[in-house]
Asks: 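So that we are looking at the same thing, I have put the structure below in structure tokens.
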2 protein chains.
Amino acid sequence: MAEQGWRERKKTLTRRALIEAGLRLFRDQGYQETSIAQVAAAAGVAPRTFFGYFAGKEDLVFADTPARIETALRVVDERGPEDTVADVLTRVAEETIAGNPGDVDLLGLASGRMDLVMSTPSLQGAALHRLWTTEQRLAGALLRAFPDDLDEVSAAMVVGSFAGAFMGAAGASLRRGDRPDEVRAAVGRAVRHAARGIRAGVG
Amino acid sequence: MAEQGWRERKKTLTRRALIEAGLRLFRDQGYQETSIAQVAAAAGVAPRTFFGYFAGKEDLVFADTPARIETALRVVDERGPEDTVADVLTRVAEETIAGNPGDVDLLGLASGRMDLVMSTPSLQGAALHRLWTTEQRLAGALLRAFPDDLDEVSAAMVVGSFAGAFMGAAGASLRRGDRPDEVRAAVGRAVRHAARGIRAGVG
DNA sequence: ATGCAAAAATGCAATCCGTGCGATTTTCCG
DNA sequence: CGGAAAATCGCACGGATTGCATTTTTGCAT
């Protein structure tokens, strides 16, 4: 847990500086309109250095998702004996919502990422791709947690219908201009719908 | 319906040449590894001309989807009086499958696109983004077709769960290396599952 | 404190996508 | 045949990435 020293500390410091500078610039002047050179300059490093921290422009925007994904997977892995597939996925969804609609507070930059992604096509694609690969991992974890109730395809199908309902509702609610709590409610309804659908099919 | 003359004819001809050349090169040497310059050269036009036909490299890969999307939307618009939401979406899915898993035959280049997309991250993102925007349009059409049973959010949620289940099943089946007919079967099962889930919730 | 080796930050060149613009060539039509 | 409109081209940028060689920093053992 303990960091080595100045070396490590400085690295996470630079990383954070890049994220904050990037997110701020993206929000203020737009994603496409902001060049990596600007982000690097604002963070006080050379443009080339940016790529030592992130694989690309998109990566900076989703810098906090890996942790959230691990959390979601852990929820599945820690399935209780009495839990059903729907129970577990519902809990995953709740866990996800807890730090999603209307928030972000990534590094002090509360909100903004949702709007940013929703208003930037290329980021939408990136976000959906991450969601897609995450769904696959989630399906794998689910299959491991319920080996008697599922198979590869049904696991992926269940996760897909869940995520699909979730995203569909969230997207529509946001597009409609709902308040954060309304979005939460909409998503909650979608999750319950998906859970009901699953119970009607798989154990 | 009738084309003007040589002008129009040549245009669609060049367009087709670009698509065929592109798809062939993408399949043979990979998407990322193929430059637009190569595609243009193979089609006998200047690189700059490529952008007169497609907005970008990705567009070429999905050149046939617009038509398919229109078809899907039409299926929703032509809802029968007795149809339920699940009925309509099931029909949309069938319509979609009819020309999807294992095929493509876009322009004689049977198969290959599915594999191409599944093996190219950036194309996956593009494909998912197209799916996402299509879902929105589908939700809109569905809302128009069932104004008494749905609202914006529930329509999007229903479409999302449907598409999610569809994609999840298709992806898992393909990833597992299933034969085209097996993929079809898996998707069929997913569609029935999603339909059941919808019937359990919305009318 | 000093010097060396590993790690990080840079600089630079090169490739490729995508776009604006002006110059050319084709095709259409009177 | 003589434009006018449409389609191609060529050219020059701006910006994302990447590979490679060079220069700074930092960690650590004398």
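Owing to the predicted nature of the structure, the values given are computational and were not obtained by experimental measurement. To find a chain, count down the sequence lines: A is the first, B the second, and so on, and within it residues start at 1.
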Asks: Relative to the 5' end of DNA chain D, which residue comes earlier, F54(A) or E33(A), by the nucleotide with the nearest heavy atom?
Replies: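 Comparing both residues, the 5'-ward one is E33(A).
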Asks: Decide yes or no on side chain to side chain contact (heavy atoms under 4.5 Å, CB included) for H129(A) and T133(A), but give the supporting numbers first.
Replies: CA-CA 6 Å; H129(A) 186 257; T133(A) 60; 3.9 Å; yes
Asks: Nearest whole angstrom, please: distance from the C1' of dG18(C) to the CZ of R48(B).
Replies: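 Nearest whole value for this atom pair: 8 Å.
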Asks: By nearest atom, which of the nucleotides dT8(D), dA8(C), dT18(D) is closest to the T14(B) side chain?
Replies: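 Among dT8(D), dA8(C), dT18(D), the one nearest the side chain of T14(B) is dT8(D).
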Asks: Could you work out which one of dC28(C), dC17(C), dT10(C) sits closest to the side chain of R7(B)?
Replies: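 Among dC28(C), dC17(C), dT10(C), the one nearest the side chain of R7(B) is dC28(C).
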Asks: For K10(B) and G56(B), find the nucleotide of DNA chain C closest to each by heavy atoms; which residue's nucleotide sits nearer the 5' end?
Replies: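 Its nearest nucleotide being more 5', the pick is G56(B).
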Asks: Phosphate oxygens OP1/OP2 of dT8(D): is one of them under 4.0 Å from a side-chain N or O of Y53(B)?
Replies: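 Yes, such a contact exists.
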Asks: Side chain of V45(A): nearest nucleotide among dG10(D), dG18(C), dT10(C)?
Replies: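 Among the listed nucleotides, the one closest to the side chain of V45(A) is dT10(C).
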Asks: Would you tell me if any nitrogen or oxygen in the side chain of T49(B) comes within less than 4.0 Å of OP1 or OP2 on dC9(D)?
Replies: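 For dC9(D), OP1/OP2 do have a side-chain N/O of T49(B) under 4.0 Å.
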Asks: Look at the side chain of K57(B) and decide which nucleotide, out of dG18(C), dA7(D), dT17(D), has an atom nearest to it.
Replies: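 The listed nucleotide nearest to K57(B)'s side chain is dG18(C).
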Asks: Salt-bridged, R199(B) to D87(B), with N to O below 4.0 Å?
Replies: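 Yes, R199(B) and D87(B) are salt-bridged.
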Asks: Do the ring centers of F166(A) and F162(A) come within less than 6.0 Å of each other?
Replies: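 No, the ring of F166(A) stays outside the 6.0 Å limit from the ring of F162(A), centre to centre.
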Asks: Nearest whole angstrom, please: distance from the P of dT19(C) to the CZ of F50(B).
Replies: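 That distance rounds to 11 Å.
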Asks: Rounded to whole Å, how long is the line connecting atom NZ of K11(A) with atom C1' of dA6(C)?
Replies: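 Interatomic distance, NZ of K11(A) to C1' of dA6(C): 12 Å.
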Asks: Could you work out which one of dT17(D), dG10(D), dC28(C) sits closest to the side chain of W6(B)?
Replies: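 Looking only at side-chain atoms, W6(B) lies closest to dC28(C).
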Asks: Given F50(B), which partner from the list V45(B), L60(B), T14(B), D59(B) fulfils the side-chain contact (heavy atoms from CB on, under 4.5 Å) test?
Replies: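 Exactly one pass, corresponding to L60(B).
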